[in-house]
Asks: 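Structure incoming, see below.
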Amino acid sequence: MKQIGEMKLYTMDEMLDKHIGPIGSPERNDFETAIEEEVAAYHIGEAIKQARKGRNLTQEQLGALMGVQRSQISKIESGKNLNFSTIARAFKAMNIPANLAFGGISLSLW
């Protein structure tokens, strides 16, 4: 903690230690794993978005190729509602070769 006048400033680790638990605790490990998963989902969604744009497709057009509504594509691109099958369908719909691996499961598209 650092004091500036009457204001106390805490580092992120100090706040996490206090509210989640110290590094190495089960609570902290669960929290950090959840954050890592959210970041990974965001990056996968961004990859799908960039691939779609690179193919000059609208969200509606990609949705039609995948058999889903535009709103579902929006969710996918924001990292929501992502699962192995959805990711594979998105890349396959855009004819993009991909190697996907999650938790010991691997899938090659093309």
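Quick caveat: nothing in here was measured; it's all calculated off a predicted structure.
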Asks: Has Glu60 got more than 12 heavy atoms of other residues, nucleotides or ligands less than 6.0 Å from its CD?
Replies: no

Asks: Given side chains that start at C-beta, do those of Asn81 and Thr86 come closer than 4.5 Å, heavy atoms only?
Replies: no

Asks: Start with the C-alpha distance between Lys92 and Arg89, add both sets of side-chain angles, then the distance that settles side chain to side chain contact (heavy atoms under 4.5 Å, CB included), and finish with yes or no.
Replies: CA-CA 5 Å; Lys92 192 164 180 118; Arg89 284 177 47 215; 5.7 Å; no

Asks: Would a distance-only check, ignoring hydrogens and angles, find a side-chain to backbone donor-acceptor pair under 3.5 Å from Glu32 to Ala34?
Replies: no

Asks: Considering only heavy atoms from C-beta outward, does the side chain of Asp17 approach that of Arg28 to under 4.5 Å?
Replies: yes

Asks: For residues Tyr10 and Ile23: do they belong to one hydrophobic cluster (side chain heavy atoms under 4.5 Å, members Ile, Leu, Val, Met, Phe, Trp, Tyr)?
Replies: no

Asks: Roughly how far, to the nearest 0.5 Å, is CZ of Phe91 from CD1 of Ile44?
Replies: 8.0 Å

Asks: Does Met15 belong to the same Ile/Leu/Val/Met/Phe/Trp/Tyr cluster as Phe31, with side-chain heavy atoms less than 4.5 Å apart forming each link?
Replies: no

Asks: Between CD of Glu77 and CD of Glu46, what distance do you get to the nearest 0.5 Å?
Replies: 8.0 Å

Asks: Tell me, do Arg55 and Leu62 make a side-chain contact under 4.5 Å, heavy atoms counted?
Replies: no

Asks: Got a second to check how far Ile76's CD1 is from Gln59's CD, nearest 0.5 Å?
Replies: 9.5 Å

Asks: Counting only heavy atoms not in Gln69, do more than 12 sit closer than 6.0 Å to its CD atom?
Replies: no

Asks: Measuring from atom CE of Met94 to atom CE of Met66, what distance do you get when rounded to the nearest 0.5 angstrom?
Replies: 8.0 Å

Asks: Just verifying a value: how many Å separate Ile87 CD1 and Leu82 CG, rounded to the nearest 0.5 Å?
Replies: 5.0 Å

Asks: Please answer: with hydrophobic residues joined when any side-chain heavy atoms are less than 4.5 Å apart, are Ile20 and Met12 in the same cluster?
Replies: yes

Asks: If you compare all heavy atoms of Thr58 against all heavy atoms of Gln61, which two are closest, and at what distance to 0.1 Å?
Replies: N-OE1, 2.8 Å

Asks: For Ala51 and Ile96, work out which heavy atoms get closest and say how close.
Replies: CB-CD1, 3.4 Å

